[in-house]
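Here's the structure, in structure tokens; my notes come after.
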Amino acid sequence: MPMSPAGDDVDAAPPPPTVAPNGPGEEQAASCDLDAIQSAIGEPFDEAKLSQLQSDSGARQVRVLRPGEAATMDHRPDRLNVHLDDQDMIEDLRCG
């Protein structure tokens, strides 16, 4: 067991495990491109817009968030979050 950096009798915690991408290109595939879709902010949202945003951003998933809706706090670099206002206008776009 490793010793504490202070040299006392308390054992130091083991180092955290190393996590690697699942395969070649995983880092690149696990993200979305906000630059390609920023012009959609302020536009009305509908199902056709959803498909277009997903395609243009390269996101694997899209989550639509309306005011007052609960959302998980998990970070997914391959997910596009579409934030809408009360009139279903696109207010913000974020990856994660």
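Worth saying up front: this structure is predicted, and the values here are computed from it rather than measured. Numbers here are sequence positions counted from 1.
Counting only residues at least two apart or on different chains, the side chain to side chain donor-acceptor pair (under 3.5 Å) pairs with a member in residues 80-92 are Arg63-Asn81, Arg66-Asp88, Asp92-Arg94. Applying the disulfide (SG to SG under 2.5 Å) test to every pair with at least one member in residues 46-79, sequence neighbours left out, gives no pairs at all. Here side chain to side chain donor-acceptor pair (under 3.5 Å) pairs that include residues 41-53, with residues two or more places apart or in two chains, are Glu43-Lys49. Under the disulfide (SG to SG under 2.5 Å) criterion, the residue pairs touching residues 67-96 are Cys32-Cys95, with sequence neighbours excluded.
Between Arg60 and Gln54, the closest heavy-atom pair is O-NE2, 3.0 Å. In plain terms, the two heavy atoms of Ala59 and Arg79 that are nearest each other are CB-C, 4.4 Å.
Using a 4.5 Å cut-off between side-chain heavy atoms of Ile, Leu, Val, Met, Phe, Trp and Tyr, Val62 falls into a hydrophobic cluster with Leu34, Ile37, Ile41, Phe45, Leu50, Leu53, Val64, Leu80, Val82, Leu84, Ile90, Leu93.
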